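What you see is a predicted model, and the numbers here were worked out from it, not measured in a lab. One is the number of the first residue; the rest follow in order along the sequence.
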Amino acid sequence: MKQKKIFVLIMMLICSVSHAGITKVVVWEHTLYKPNLISTTLFQALDITKAEYGDYEIISSHPMPQDRALKEISNGKLDVGHFIATEEREKNALVIRIPIMQGLLGYRICLIKEGNQHIFDNITNQVEWIEKNITIGQQTNWPDTEILKTNGFNVATTFKYELLFQQLAKERFTCFARGANEINREFIEYDTLDLAIEKNIVIYYPFPLFYFVNPHNKMLAERLELGLNRLQQNGTANKLFEQNFSYILHELSLDKRHILKLNNPTLSTETINAINHFPMLKK
């Protein structure tokens, strides 16, 4: 009996030592870009699980576009990054289906050419938008492109993000639909192009942002899931969201806009079921 107890203690010590080692985590550079909700949440999820998994070291990748980052995660060269969930993207990664930003990216507001507000003033629903034949600019490979087209919207596409601002300024299309968390920053960044933030409408579709993990690193996926659940349960996740975005919700007056609700055909069944169990913005 005594030998059995000693054996159990030795095994516990071995497990403890293995977990106590420093875990190196290679993260997509864009996930770490400046201190923000996405990077802060990642660090906090790792911090809150140190007792079980030990310390960690974050290693930033070199800059790369998101399509490349998704491939690097699927082949194990990156450990984690943040991406909008689609059924296709989820096939080659371990997906932590806990929304990072409470669905805020699914609230899309138009950047428009200064002086074009009158085009949107009398629109209150999707039918009226489509009847006005308003075109939305998008990058070709963004999930939004398929969502908007499936819902009957006219979409103009280009392969380069920066060109969309230039093309909007030249009125190649009427609206560049941006996430509520993005539009203020981009409006300031491109202030020389005489753009404006549309005041009347918000387009909404379920558009959850998740951490995607290297499919060969199941321990990291388990750690992040545990950490993110703890942040949800202890109120930290909601507190971080309020600190980062409460002023945006106030400035953009989302609750006073006409909302055009769209379907998102790109979501997997697993993601649809998952997001119903987590706090999301009221729609």
Side-chain angles (χ1 to χ4, degrees), residues 29-30 33-38 63 65-67 82 84 101 103-205 207 209 244-262 281:
E29 177 268 346
H30 191 58
Y33 179 69
K34 295 181 180 179
N36 58 34
L37 179 66
I38 295 164
Q66 67 172 332
D67 281 358
H82 70 288
I84 290 296
M101 294 174 58
L104 185 60
L105 263 173
Y107 290 81
R108 317 300 286 186
I109 295 172
C110 290
L111 267 180
I112 62 175
K113 179 69 175 177
E114 182 69 48
N116 281 349
Q117 177 61 45
H118 65 278
I119 296 173
F120 302 86
D121 283 343
N122 295 318
I123 296 175
T124 61
N125 57 57
Q126 183 176 340
V127 173
E128 291 171 351
W129 177 292
I130 293 172
E131 285 177 348
K132 279 202 168 188
N133 203 31
I134 295 171
T135 301
I136 298 176
Q138 287 285 290
Q139 191 164 315
T140 305
N141 59 354
W142 285 348
D144 314 63
T145 302
E146 181 180 347
I147 296 168
L148 293 166
K149 286 181 176 180
T150 301
N151 284 273
F153 287 77
N154 284 337
V155 180
T157 61
T158 184
F159 284 97
K160 197 168 183 181
Y161 162 78
E162 291 81 6
L163 285 178
L164 288 160
F165 297 94
Q166 305 291 335
Q167 291 174 351
L168 176 62
K170 294 176 181 177
E171 300 188 78
R172 302 281 176 82
F173 46 82
T174 315
C175 162
F176 184 15
R178 310 305 297 134
N181 61 302
E182 302 167 321
I183 194 165
N184 282 347
R185 171 180 53 81
E186 292 174 335
F187 171 66
I188 294 169
E189 187 175 347
Y190 292 90
D191 62 344
T192 59
L193 296 179
D194 295 323
L195 305 179
I197 297 175
E198 198 282 321
K199 301 174 182 178
N200 184 48
I201 297 164
V202 56
I203 300 170
Y204 170 77
Y205 37 85
F207 208 51
L209 186 70
N244 281 271
F245 297 119
S246 60
Y247 74 97
I248 289 177
L249 301 180
H250 174 72
E251 285 187 7
L252 295 176
S253 302
L254 292 186
D255 57 333
K256 297 176 182 177
R257 293 170 175 262
H258 294 293
I259 184 166
L260 312 186
K261 293 185 181 180
L262 312 186
L281 291 179

> Is there a side-chain contact between N151 and Y205, using heavy atoms and a 4.5 Å cut-off?
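Side chain of N151 against side chain of Y205, heavy atoms only: no contact under 4.5 Å found.
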
> Could you grab the distance from atom CZ of F120 to atom NZ of K132, nearest 0.5 Å is fine?
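Result: 8.5 Å between the selected atoms.
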
> Kindly compute the distance separating OG1 (T174) from CD (E198), expressed to the nearest 0.5 Å.
11.5 Å

> Specify whether F176 and F165 have parallel, tilted or perpendicular ring planes, treating 30° as the upper limit for parallel and 60° as the lower limit for perpendicular.
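F176 and F165: perpendicular rings.
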
> In terms of relative ring orientation, are Y33 and H30 parallel, tilted or perpendicular, with 30° and 60° separating the classes?
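Answer is parallel, since the angle falls under 30°.
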
> Could you tell me whether the side chain of N200 and the main chain of I123 form a donor-acceptor pair under 3.5 Å?
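Pair found, side chain donor or acceptor close to backbone of I123.
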
> Can you tell me how far apart CD1 (I188) and CG (L195) are? Round to the nearest 0.5 Å.
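It comes to 12.5 Å.
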
> Counting C-beta onward and ignoring hydrogens, is there a side-chain heavy-atom pair between W129 and C175 closer than 4.5 Å?
yes

> Would you say L209 and I38 make side-chain contact, with heavy atoms under 4.5 Å?
yes

> Compare every heavy atom of T145 with every heavy atom of Q139, then report the nearest pair and how far apart it is.
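Where Q139 meets T145 most closely, the heavy atoms are O-OG1, 2.9 Å.
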
> Can you name the closest pair of heavy atoms from Q117 and I197 and give their distance?
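Residues Q117 and I197, closest heavy atoms: OE1-O, 4.3 Å.
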
> Knowing that exactly one of I147, I136, I259 qualifies, which makes a side chain to side chain contact (heavy atoms under 4.5 Å, CB included) with I203?
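Filter result, single survivor: I136.
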
> Tell me whether D191 at atom CG has more than 12 heavy atoms from other residues, nucleotides or ligands lying less than 6.0 Å away.
yes

> Atom OH in Y247, atom CG in L252: separation rounded to 0.5 Å?
9.5 Å

> Return the set of residues passing side chain to side chain contact (heavy atoms under 4.5 Å, CB included) with H118 (not counting sequence neighbours), or none when no residue passes.
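H118: side chain to side chain contact (heavy atoms under 4.5 Å, CB included) contacts with N116, D121.
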
> Stepwise, does the side-chain contact (heavy atoms from CB on, under 4.5 Å) test hold for I109 with L254?
CA-CA 9 Å; I109 295 172; L254 292 186; 3.5 Å; yes

> Is the shortest side-chain heavy-atom distance between F187 and R178 below 4.5 Å?
no

> Do the side-chain N and O atoms of N133 and N154 include a donor-acceptor pair separated by under 3.5 angstrom?
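There is such a pair between these side chains.
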
> Is there a side-chain contact between L104 and L249, using heavy atoms and a 4.5 Å cut-off?
yes

> Any chance you could lay out the side-chain contact (heavy atoms from CB on, under 4.5 Å) test for E128 and N122, step after step, and finish with the verdict?
CA-CA 8 Å; E128 291 171 351; N122 295 318; over 6 Å; no

> Determine whether a donor-acceptor pair (N or O, by modelled atom type, separation under 3.5 Å) exists between the side chain of D194 and the backbone of E114.
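Side chain of D194 to backbone of E114: no pair is present.
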
> How many angstroms lie between NZ in K113 and CD1 in I119, if you round to the nearest 0.5 Å?
12.0 Å

> Quick check: closest heavy atoms across A156 and F173, and the distance to 0.1 Å?
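The pair with the smallest heavy-atom distance is CB-CD2, 4.2 Å.
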
> Mind listing the closest non-hydrogen atom pair of Q126 and L260 along with its distance?
N-CD2, 3.5 Å

> Would you call F207 and Y107 a side-chain contact if the rule is heavy atoms closer than 4.5 Å?
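SC-SC contact between F207 and Y107 ruled out.
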
> Show your reasoning for whether side-chain contact (heavy atoms from CB on, under 4.5 Å) applies to D144 and V155.
CA-CA 10 Å; D144 314 63; V155 180; over 6 Å; no

> Please examine the side chains of R108 and E182, heavy atoms only from C-beta on, and report whether any two atoms are closer than 4.5 Å.
yes

> Do N181 and N244 have side chains that approach each other closer than 4.5 Å (heavy atoms only, starting at C-beta)?
no

> Looking at every heavy atom in both P143 and I84, which two are closest together, and how far apart are they?
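In this case the closest contact between P143 and I84 is CG-CG2, 4.2 Å.
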
